[in-house]
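The sequence lines fix the lettering, A, B, ..., with proteins before strands; numbering per chain opens at 1.
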Amino acid sequence: MFEIKDKVAIVTGGASGIGLATVEMILAKGGKPVIADYNEESGKKESERLGVPFVKVDVSCEEQVKNVVAAVVDMYGHLDIMVANAGINPIAGLLNLTMETYQRAVEINQNGVLYCDKYAIEQMVKQGTPGAVVNTSSVSGLVGQAHELAYNTTKFAVRGMTKSLALEYAPNNIRVNSIHPACVLSNMVNEDVIGHEMMQQMIALHPISAATGRIGLPEEIAHGIIFAIENTFMTGAEVVLDGGWTVQ
Amino acid sequence: MFDINGKVAVVTGGANGIGLATVKAILAKGGHPIIADYNEGAGKREAEALGIPFYKIDISDEEKVKEMFDDIIEKNEHLDILVNGAGIGGNSRPITAPDSLELAKKSFNVNVHGTLNCCKYAIAQMQKQGGNCAVVNVASILGVVSNPNSIGYSGSKHAVIGITKSLALENAPQNIRVNVLCPGFTDTAMFNKDLYGEQIYNYILGLQPLSKGTGRAANVDEQAHAIIFMIENSYLTGQSIIVDGGYTVQ
Ligand SMILES: NC(=O)c1ccc[n+]([C@@H]2O[C@H](COP(=O)([O-])OP(=O)(O)OC[C@H]3O[C@@H](n4cnc5c(N)ncnc54)[C@H](O)[C@@H]3O)[C@@H](O)[C@H]2O)c1
Ligand SMILES: NC(=O)c1ccc[n+]([C@@H]2O[C@H](COP(=O)([O-])OP(=O)(O)OC[C@H]3O[C@@H](n4cnc5c(N)ncnc54)[C@H](O)[C@@H]3O)[C@@H](O)[C@H]2O)c1
């Protein structure tokens with residue numbers, strides 16, 4: 001097993017939702033997580049609450065990502081885990097999706113993950129130590145969804161780059177896997193924001209929800225991310241946490 | 001999360017390899033594993049060493065499987081986890097070979113019908129007690145991709161994945177989650193250097209990208225780790241977890 005204890009981990013999007021739950025689990029396992037997020041307010045708040053470092057970064061900016069990796073290596077001397085998790089979901093179909101919105105999704109969801117993987121892997125190779133990279137894709141990286149053109153496109157890209165990097169860095173014992181959540185409770189996805197009816201529709205998409213009456217929880221996705229970090233023989237794989245959605 | 005502590009788990013193929021590693025991992029989490037295997041020597045020895053029950057069973061015999069579950073349920077009152085680890089490899093022939101179908105049937109009898117027999121009687125009990133249970137089947141990378149001359153093994157392992165998906169959808173309303181592990185080449189009685197010879201063994205390792213980084217095949221603890229993950233994750237159902245060092249990614 002890849003022991004998380006004492007390992008240094010950067011978690012992008014770590015100020016909220018799935019990323020924050022992952023930060024908490026890494027911490028509980030004795031690891032050293034760093035919250036990397038462009039939301040300064042919640043980033044600082046969570047960082048103080050948990051006693052872990054926060055670095056402000058917009059993952060769509062290559063220079064900033066490079067600097068974050070350098071800063072973390074300065075802080076701890078090494079980097080062992082990258083959770084490239086920051087992402088956005090601009091809901092729009094072909095004819096109402098502006099090119100600007102589309103580009104922004106590509107910059108954050110696709111290029112952002114690429115930059116994080118690039119500078120983390122570069123550092124891991126330099127260290128000559130085993131490493132774990134986990135990229136957050138989505139069920140939208142596995143199946144199509146109407147009116148989620150930019151999201152579908154970028155989340156498929158994340159799945160593809162995961163496999164290419166897994167093969168390229170297997171000889172270095174750096175594992176790269178992707179996580180594919182379906183709907184998960186978050187600041188953006190909850191009954192207060194989307195309303196009761198919409199939430200019921202969302203719940204109905206997941207076979208397991210017939211029993212649980214809810215969508216996924218950030219902790220359930222973080223549990224999958226931890227598994228992908230820890231399992232020393234899994235690489236290039238997809239961990240699909242969707243309550244059975246894509247099985248139908 | 002689904003807490004393994006205090007849960008009763010039947011592990012077929014639990015006398016050896018991946019099954020035995022899973023038995024130990026469940027025990028370490030405070031669960032109550034039961035070894036079900038047709039290898040009496042290893043089964044008894046391991047069960048005694050761990051202080052847990054052993055049932056001698058050929059999973060392809062439906063009548064005996066039913067009797068076994070009846071007895072387990074009578075003694076334990078509940079059954080929360082089933083791990084279908086028992087399986088057989090080999091039996092590889094081109095389809096035109098005289099004994100090809102006979103051998104393929106052997107694989108299907110254990111890998112498919114054996115898995116179905118155990119699912120049937122375990123899930124019946126899980127439904128009766130109100131669900132919230134976990135089933136993990138074990139297929140293979142050859143359930144995802146294939147090889148020449150593998151109608152029996154690869155065919156049967158593809159079937160295990162299909163069965164997993166259907167059972168997952170069928171039992172989701174009872175919160176009985178059904179998932180499947182697809183191991184890559186893992187050092188066990190079924191795959192090892194002595195059995196295959198050094199040259200073929202090393203050739204096969206060369207097909208597994210991560211073996212270039214680790215210098216080895218997967219080990220049983222890495223496969224058991226994935227089985228434990230599938231048991232514990234309360235949002236996971238119908239899925240294949242592929243622990244193959246990148247074999248199927250290429
Ligand atoms: N919530 C869901 O239903 C769901 C489903 C599938 C996949 N996902 C994916 O999971 C990941 C995490 O989402 P979440 O549900 O936790 O949502 P969230 O909105 O709670 O968290 C996302 C975090 O990412 C940060 N972020 C966004 N853009 C950034 C950027 N350019 N640079 C740095 N930080 C940035 C945000 O500030 C926020 O803290 C995303 O990639 C998302 O696409 C979420
Ligand atoms: N080892 C690998 O490289 C590998 C790769 C992919 C898949 N698998 C699968 O993993 C599973 C576990 O195999 P393993 O690698 O631990 O091998 P193993 O041979 O060490 O263990 C298999 C166990 O199943 C038992 N068994 C076989 N047929 C049975 C039957 N009819 N009834 C009851 N018990 C029976 C055996 O006695 C043995 O204890 C199998 O389903 C196998 O197909 C293994």
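- To the nearest 0.5 Å, the span separating CD on B/Glu232 from NE2 on A/His223 amounts to 4.5 Å.
- Of the listed residues A/Glu238, A/Glu230, A/Arg214, the one with more heavy-atom pairs under 4.5 angstrom with chain B than any other is A/Glu230.
- By the neighbour-count criterion of 12 heavy atoms within 6.0 Å, atom NZ of A/Lys163 is densely surrounded, having more than that number from other residues, nucleotides or ligands.
- With hydrogens and angles disregarded, no donor-acceptor distance shorter than 3.5 Å links the side chain of B/Asn175 to the backbone of A/Ile208.
- Taking chain A as the reference chain and counting heavy-atom pairs below 4.5 Å, the highest number among B/Leu169, B/Ile176, B/Asp221, B/Thr164 is found for B/Leu169.
- When all heavy atoms of A/Ala211 and B/Pro173 are compared, the pair lying nearest together is CB-O, 3.4 Å.
- Here the straight-line distance linking atom CG of A/Leu217 with atom OH of B/Tyr235 works out to 8.5 Å at 0.5 Å rounding.
- Contact annotation for A/Thr212: only side-chain heavy atoms (C-beta onward) come within less than 4.5 Å of a heavy atom of chain B.
- Among the candidates B/Ala168, B/Ala226, B/Pro183, B/Ser240, the residue making the largest number of heavy-atom pairs closer than 4.5 Å to chain A is B/Ala226.
- Heavy atoms closer than 4.5 Å to chain A are found in the side chain of B/Ile241, but not in its backbone.
- Atom OH of B/Tyr247 sits about 12.5 Å away from atom CZ of A/Phe233, to the nearest 0.5 Å.
- Using a 4.5 Å heavy-atom cutoff, the side chains of A/Leu241 and B/Gln239 are not in contact.
- Considering every non-hydrogen atom in both A/Leu167 and B/Gly246, the closest pair reads CD2-O, 3.9 Å.
- Checked by atom type and distance alone, the side chain of A/Asn231 pairs as donor or acceptor with a backbone atom of B/Glu222 at under 3.5 Å.
- Atom CD1 in B/Ile242 sits 9.5 Å away from atom CE in A/Met234 (nearest 0.5 Å).
- Comparing A/Thr246, A/Asp242, A/Val239, A/Ile226 by how many heavy-atom pairs each has under 4.5 Å with chain B, the most go to A/Asp242.
- For the set A/Ala166, A/Gly216, A/Gly224, A/Pro181, the count of heavy-atom pairs under 4.5 angstrom toward chain B peaks at A/Gly216.
- Heavy-atom pairs under 4.5 Å with chain A were tallied for B/Gly131, B/Pro209, B/Gly213; the largest tally goes to B/Gly213.
- Between chain A and the options B/Leu236, B/Thr237, B/Asn233, B/Asn171, heavy-atom pairs under 4.5 Å are most frequent for B/Asn233.
- Here B/Ser234 is the residue among B/Gly184, B/Gly215, B/Ser211, B/Ser234 with the most heavy-atom pairs under 4.5 Å with chain A.
- Annotation: maximal heavy-atom pairing with chain A below 4.5 Å, among B/Lys212, B/Gln250, B/Gln223, occurs at B/Lys212.
- Other residues, nucleotides and ligands contribute more than 12 heavy atoms inside 6.0 Å of the CD atom of B/Gln129.
- Atom CE of A/Met188 sits in a sparse spot, with 12 or fewer heavy atoms from other residues, nucleotides or ligands closer than 6.0 Å.
- Contact annotation: the side chain of A/Thr235 never approaches that of B/Val249 to less than 4.5 Å [non-hydrogen atoms, C-beta and beyond].
- The aromatic rings of B/Phe229 and A/Phe227 sit parallel, their planes meeting at an angle under 30°, below the 60° perpendicular limit.
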